[in-house]
J.: 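One structure is given below, represented as structure tokens, and several questions about it will come after.
Not measured: the values here are computed from a predicted model.
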Amino acid sequence: MKDSVIAAHPTPSAQRSTRDLTRAAVSGWLGTAMEFMDFQLYSLAAAIVFNKIFFPDVSPAVGLIAAMATYGVGYVARLAGAVYFGRMGDRLGRKKVLYITILLMGASTTLIGALPTYATIGILAPILLVALRLIQGFGAGAEIAGATVMLAEYAPAERRGLISSLVSLGTNSGTLAASGLWAVLLAVLSEEQLLSWGWRLPFLLSFLLMIFAVWMRRSLKESPVFEERPDVVDGVALDRDEVESVIATADEHEGSVLAAGIRQRKGKAFFLALGLRFGQAGNSGLMQTFLVGYIATNLAVGRSVPTDAIVYGSLLGFATVPLVGLLGDRFGRRVVYLALSALTVVLAFPVMLLITSGTTPGVMLGMVLGLNVGVLGLFSLESVTMAELFGSRTRFTQLALSKEIGGILATAIGPVLAATLTAVTDSWWPIAAMLIVYSLITFVSAYLAPETRGRDLVRLEDAV
């Protein structure tokens, strides 16, 4: 029986070598890079060619709306994936889930590049496109959460912030790779070549990245924290009834450890994590989505200026992200969170004054500053702090849900609200106000949260 097994054999310490840690770090970075590259490839294709390839029998405006709608369904699938794979990861292990998610994302992205067009099979073409988009989103809903959990649980406590920040670097890598691929295609191919076969190349080339990522994860060892969990027997977590049975027969110490994990009332850590996520996701939606269109439409600068600013800001992020991870390891998560969110509040109006100055240097400086302080810096902290807030028994599920729900609420609503407010007021100040509100939500959440630096991640209960 499982209860006799767990009672007779105390959980051993799962040792991992530097090589194991390196493999986990590269695997986490690679998976997140692939997730963001897949989504960026699709978003750019939806904006540039999919309305002509998959929706040619409607007006250009309706075709663009339909193409962007297929982009949006992926976010619905992400939430479903977060629930399904989050529970699987807490029950059966992190490694299994990460292997499945990388296959789902990679295979669906590659198959998009092999799809017949509307001209070939008619209405079945956009139906297949939506189906693949749903599969892609279903896998992606747990990818970044799983990579975050795996890296945090692999890393030594004193370097957990730095190592976990590699997940955040994956977002930069994927976005830059996808943007670079499309930039090359647009530069060297005619429109006829792009529409006939060129658009397929980025999706088909992603197959090579998938093969490498799958190879990395096949030989990746399970999270040492998962193996050390006192409620895991033979690689499978005990359900609640089984744990209660063990508690009834266990000694006082073992019983109290298990009871802490399953009898704690959940909710506080989840809502704190949601608040921490809200600021980063909301600021990202404004800086990386809304402002790109707003600048190109309303300011007398070149249309490439805001996208170039995002590229430069992302490149600087390769220094910002690990630096913030190091600061979190040195001074604690809470104080760095408070500092960054407060700094974003203070800089909101100056940043918007720079961006709306109408000069290329002003736009560049404002966008790069806002992106690195209010988005990438917070993302670096988010990777480790949210993992430390949750207990190991439900860490994967709660982290995935808080990321996806917070992202959908803030990122989906933010740009729409910003567009409405700027149109009504005929001014940019609502954007600055929204940056302040989002950042204050994160500030308050960080203020109410406990310090989690160095927390024992094997513990089953949440930090609060």
J.: Is a side-chain donor or acceptor of Thr32 paired with a backbone partner of Trp29 at a separation under 3.5 angstrom?
T.: no

J.: Charged N to carboxylate O below 4.0 Å: is that the case for Glu143 and Arg217?
T.: yes

J.: Taking the side chain as everything from C-beta on, heavy atoms only, tell me whether Leu401 gets closer than 4.5 Å to Leu79.
T.: yes

J.: Around atom CZ of Phe207, are there more than 12 heavy atoms from other residues, nucleotides or ligands closer than 6.0 Å?
T.: no

J.: Heavy-atom count check: over 12 atoms from other residues, nucleotides or ligands less than 6.0 Å from Phe271 CZ?
T.: no

J.: Would you say that Phe379 contacts Glu382 through its side chain, given a criterion of any heavy-atom pair below 4.5 Å between the two side chains?
T.: yes

J.: Do the rings of Trp199 and Phe54 sit parallel, tilted or perpendicular, given the 30° and 60° boundaries?
T.: perpendicular

J.: Can you give me the closest heavy-atom contact between Leu460 and Ser392, atom names plus distance?
T.: CD2-OG, 3.3 Å

J.: Under 3.5 Å, is there a donor-acceptor pair between the side chain of Arg200 and the main chain of Gly113?
T.: yes

J.: Can you check side-chain contact (heavy atoms from CB on, under 4.5 Å) on Leu440 and Phe278, steps first, answer last?
T.: CA-CA 10 Å; Leu440 283 176; Phe278 213 84; over 6 Å; no

J.: List the steps and the verdict of side-chain contact (heavy atoms from CB on, under 4.5 Å) for Tyr447 and Arg334.
T.: CA-CA 7 Å; Tyr447 180 79; Arg334 189 168 174 268; 3.7 Å; yes

J.: In this structure, which one of Arg395, Arg455, Lys266 forms a salt bridge (charged side-chain N to carboxylate O under 4.0 Å, His left out) with Asp462?
T.: Lys266

J.: Please name the residue in the list Ile355, Thr359, Thr360 that meets the side-chain contact (heavy atoms from CB on, under 4.5 Å) test with Ser357.
T.: Thr359

J.: Are side-chain heavy atoms of Leu276 and Leu389 found at a separation under 4.5 Å?
T.: yes

J.: Please round to the nearest 0.5 Å and tell me the distance separating atom OG of Ser314 and atom CD of Gln288.
T.: 6.0 Å

J.: Is a side-chain N or O of Ser284 found less than 3.5 angstrom from the main chain of Ala281, in a donor-acceptor match?
T.: no

J.: Any side-chain heavy atom of Val97 within less than 4.5 Å of one from Arg94?
T.: no

J.: Are any non-hydrogen side-chain atoms of Arg87 and Asp90 less than 4.5 angstrom apart?
T.: no

J.: Distance check, rounded to the nearest 0.5 Å: Met105 atom CE versus Ile100 atom CD1?
T.: 12.5 Å

J.: Kindly compute the distance separating OH (Tyr154) from OG (Ser223), expressed to the nearest 0.5 Å.
T.: 7.5 Å

J.: Flag the pair Glu388 and Arg160 as a salt bridge only when some basic side-chain nitrogen lies within less than 4.0 angstrom of an acidic carboxylate oxygen.
T.: yes

J.: Is the backbone of Thr452 close enough, under 3.5 Å, to the side chain of Arg333 for a donor and an acceptor to pair up by distance?
T.: no

J.: So, the side chain of Arg277 versus the backbone of Met386: is there a donor-acceptor pair under 3.5 Å, distance only?
T.: no

J.: Donor-acceptor pair, Thr397 side chain versus Gly86 backbone, under 3.5 Å?
T.: yes

J.: Go through the steps to decide whether Phe396 and Phe85 satisfy the test ring pair (Phe, Tyr, Trp, His ring centres under 6.0 Å), and finish with yes or no.
T.: CA-CA 8 Å; Phe396 200 147; Phe85 287 117; 8.5 Å; no

J.: Going through the checks in order, is the side-chain contact (heavy atoms from CB on, under 4.5 Å) test met by Ile295 and Phe290?
T.: CA-CA 9 Å; Ile295 292 167; Phe290 175 74; over 6 Å; no

J.: Grab the two heavy atoms, one from Ile436 and one from Ala348, that are nearest each other, plus how far apart they are.
T.: CG1-CB, 3.5 Å

J.: Minimum heavy-atom separation for Thr422 to Ala419, with atom names?
T.: OG1-O, 3.1 Å

J.: If you measure from the Lys or Arg side-chain nitrogens to the Asp or Glu carboxylate oxygens, is any gap between Glu404 and Arg78 under 4.0 Å?
T.: yes

J.: Would you say Glu191 has more than 12 foreign heavy atoms packed within less than 6.0 Å of its CD?
T.: no

J.: Looking only at heavy atoms, what is the nearest atom pair of Leu194 and Leu186, with distance?
T.: CD2-CD2, 3.7 Å

J.: Rounded to the nearest 0.5 Å, how far apart are OG1 of Thr394 and CD1 of Ile262?
T.: 12.0 Å

J.: Report the distance from atom OG1 of Thr171 to atom CD1 of Ile144, rounding to the nearest 0.5 Å.
T.: 6.5 Å

J.: Report the C-alpha distance between Trp428 and Phe349 in whole Å, list the side-chain angles of each, state the deciding distance to 0.1 Å, and finish with yes or no for side-chain contact (heavy atoms from CB on, under 4.5 Å).
T.: CA-CA 10 Å; Trp428 54 263; Phe349 275 91; 3.6 Å; yes

J.: So how far is it from Leu92 CG to Lys96 NZ, rounded to the nearest 0.5 Å?
T.: 6.0 Å

J.: Between the main-chain N or O of Leu162 and the side-chain N or O of Asp329, is there a donor-acceptor pair closer than 3.5 Å?
T.: yes

J.: Using a 6.0 Å cut-off, check whether atom CG of Asp426 has over 12 heavy atoms from anything other than its own residue.
T.: no

J.: For the side chain of Ser164 and the backbone of Val384, is there at least one donor-acceptor N/O pair under 3.5 Å apart?
T.: no

J.: Quick one: does any side-chain atom of Asn283 pair with a main-chain N or O of Gly374 as donor and acceptor, under 3.5 Å?
T.: yes

J.: Could you pull out the closest heavy-atom pair between Leu286 and Met434, with the gap in Å?
T.: CD1-CB, 3.8 Å

J.: With a 4.5 Å heavy-atom cut-off, do Lys403 and Thr148 have their side chains touching?
T.: yes

J.: Is it true that the side chains of Ser206 and Thr109 contain a donor and an acceptor less than 3.5 Å apart?
T.: no

J.: Would a distance-only check, ignoring hydrogens and angles, find a side-chain to backbone donor-acceptor pair under 3.5 Å from Thr442 to Gly275?
T.: yes

J.: Of the non-hydrogen atoms in Asn372 and Gly313, which two are nearest, and what is the gap between them?
T.: ND2-O, 3.2 Å

J.: Within the 4.5 Å heavy-atom criterion, are Phe138 and Leu104 side-chain neighbours or not?
T.: yes

J.: If you define the side chain from C-beta out and look only at heavy atoms, does anything of Trp429 sit under 4.5 Å from Met352?
T.: no

